[in-house]
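Down below is the structure, laid out as structure tokens.
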Amino acid sequence: MAGLSADGGSPAAAAAACDAAAGTAVADTADTAGTADAADTADAAAPTVVARVGQVYRPVTSLGPGRRLGVWFQGCTLACPGCMSRHTWPATGGRELTVERFAALWRAALADGLDGLTVSGGEPLEQPAALAALLAAADAERRRAGHQADLLVYTGWEPEELAADPATAAALDGADAVITGRYRAGQPTRLAWRGSANQRLTTRTALGRERYAPYLEHRPERPELQVRVSEGEVRVIGVPRPGDLGRIERDLVRRGVTLRETSWRP
């Protein structure tokens, strides 16, 4: 059996099982990616910080500028209507990723010349301590490597919610840029990397301003979507526009693929 899923930066992801799938991709996952020894960055006296994630993958080219490492946090109680990432909602899904293991994956990504890190979900702010620790580790590794790789985080929290809960919002302090706001299916947009018109791309550092200023109002003709085939699933990574997933499904049917389930439907 093969399957289809899509992972986007707004609450956007889908999963489906099918009878056949075409195409290949090389992925770095929390189980298999990276060759560096996690002990290189671990402090033996420090407690282990663990994030629960649904997926780790590279290179991501559809959720931020350049070639990136993508980390999708698992668990989301926001449950935006129309979300196509329903498989990321259960907090008990996914797998554990230690900060030390993440640092090894990020270190390998930097060595391969990747341009940035994109953290999405699920909802990263439902694991604020883990998010803060991952961003701190990412910053430490890029400084050590002397590499100007930016850190982008997606959250469904609204700006006023962040202002009302500074303790949780502080988990975003390590990000160079943040995309905020619920996914609203009734407010489609052509803005780059955003799923609905209400979502805001905010730069927070000099690197963030340098890297993202050209994209604040950028409206590409078509969104870039990646298709990954791995371990019996097909994953579409990016932020599809209305109708894109239907076209993907129809194309799969024409290729003889029978969908069994999709994560964008209840």
Side-chain angles (χ1 to χ4, degrees), residues 7 9 27-43 46-75 94-155 157 162 168-180 193 201-212 237:
D7 295 289
D28 286 330
T29 69
D31 287 338
T32 62
T35 58
D37 186 350
D40 289 346
T41 56
D43 180 352
T48 299
V49 178
V50 177
R52 180 155 289 275
V53 303
Q55 182 182 197
V56 179
Y57 178 72
R58 69 175 169 97
V60 172
T61 59
S62 53
L63 296 172
R67 299 166 61 248
R68 313 178 67 81
L69 176 68
V71 177
W72 285 262
F73 273 55
Q74 183 72 26
R95 67 195 74 179
E96 291 187 343
L97 176 67
T98 66
V99 171
E100 292 77 20
R101 180 60 175 155
F102 163 76
L105 299 177
W106 177 235
R107 193 159 57 246
L110 294 174
D112 284 347
L114 266 64
D115 302 291
L117 168 72
T118 296
V119 179
S120 183
E123 176 44 60
L125 283 182
E126 294 191 6
Q127 301 179 60
L131 174 61
L134 258 63
L135 292 176
D139 181 55
E141 291 295 337
R142 68 179 175 179
R143 289 175 184 273
R144 185 175 294 114
H147 188 13
Q148 288 281 81
D150 72 88
L151 313 179
L152 170 67
V153 179
Y154 281 86
T155 175
W157 281 41
L162 295 173
T168 299
L172 298 170
D173 286 351
D176 296 299
V178 178
I179 294 178
T180 58
W193 309 317
L201 170 56
T202 304
T203 59
R204 302 167 70 94
T205 66
L207 176 59
R209 289 186 289 275
E210 174 186 341
R211 193 67 57 85
Y212 288 90
I237 300 174

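Keep in mind the model is a prediction, meaning the values are calculated, not measured.
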**Request:** Apply side-chain contact (heavy atoms from CB on, under 4.5 Å) to Ile237 and Tyr57, showing your working.
**Result:** CA-CA 10 Å; Ile237 300 174; Tyr57 178 72; 3.3 Å; yes
**Message:** side-chain hydrogen bond (donor to acceptor under 3.5 Å, both in side chains) for Glu123 and Thr155? Distances and angles first, verdict last.
**Reply:** CA-CA 6 Å; Glu123 176 44 60; Thr155 175; 2.8 Å; yes
**Request:** Quick one: do Val53 and Gln74 satisfy side-chain contact (heavy atoms from CB on, under 4.5 Å)? Show the steps, please.
**Result:** CA-CA 5 Å; Val53 303; Gln74 183 72 26; 5.6 Å; no
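Put simply, the side chain of Val56 reaches to within 4.5 Å of the side chain of Leu69, judged on heavy atoms. Side-chain atoms of Trp157 and Pro124, non-hydrogen and from C-beta on, never get closer than 4.5 Å to each other.
One distance of note links CZ of Arg204 with CZ of Arg209; it measures 11.0 Å at 0.5 Å rounding. The distance from atom CG of Leu97 to atom CH2 of Trp72, rounded to the nearest 0.5 Å, is 13.0 Å. Note that CZ of Phe102 and CG of Leu134 are 4.5 Å apart. Values are rounded to the nearest 0.5 Å. Taken from CH2 in Trp106 to CZ in Arg58, the straight-line distance is 10.5 Å, to the nearest 0.5 Å.
Looking at Arg211, its side chain never comes within 3.5 Å of a backbone N or O of Gly64 through a donor-acceptor pair. Here the side chain of Thr118 pairs a donor or acceptor atom with the backbone of Leu63 at under 3.5 angstrom. Remark: side-chain polar atoms of His147 are paired, donor with acceptor, to backbone N or O of Leu114 under 3.5 angstrom.
For Ala177, the side-chain contact (heavy atoms from CB on, under 4.5 Å) criterion is met by Leu152, Leu201, Tyr212, not counting sequence neighbours. Thr205 meets the side chain to side chain donor-acceptor pair (under 3.5 Å) test with Asp176; sequence neighbours excluded. Applying the side chain to side chain donor-acceptor pair (under 3.5 Å) rule to Asp139 yields the partners Arg142, Arg143; only residues at least two apart in sequence or on another chain are considered. Residues passing the side chain to side chain donor-acceptor pair (under 3.5 Å) test with Thr168, sequence neighbours excluded: Asp165. Applying the side-chain contact (heavy atoms from CB on, under 4.5 Å) test to Ala170 and every residue at least two apart in sequence or in another chain returns Asp173. For the side-chain contact (heavy atoms from CB on, under 4.5 Å) test, residues two or more places apart in sequence or in another chain that qualify with Ala171 are Leu125, Pro128, Leu131, Ala132.
Within the structure, salt bridge (Lys or Arg N to Asp or Glu O under 4.0 Å) contacts touching residues 66-75 (residues at least two apart or in different chains) are Arg68-Asp150. For the side chain to side chain donor-acceptor pair (under 3.5 Å) condition, the pairs that include at least one residue of residues 125-138, sequence neighbours left out, are Thr77-Glu126.
When Leu110, Val153, Leu151 are each tested for a side-chain contact (heavy atoms from CB on, under 4.5 Å) with Leu117, only one passes: Leu151.
Between Trp193 and Ser62, the shortest heavy-atom contact is CD1-O, 3.4 Å. Val99 and Ala133 make their closest contact through CG2-CB, 3.6 Å (heavy atoms, listed as atom of the first residue, atom of the second, distance). The shortest heavy-atom contact between Gly94 and Arg52 is O-NH1, 3.2 Å. Closest non-hydrogen pair, Asp115 versus Gly66, comes out as OD2-CA, 3.4 Å.
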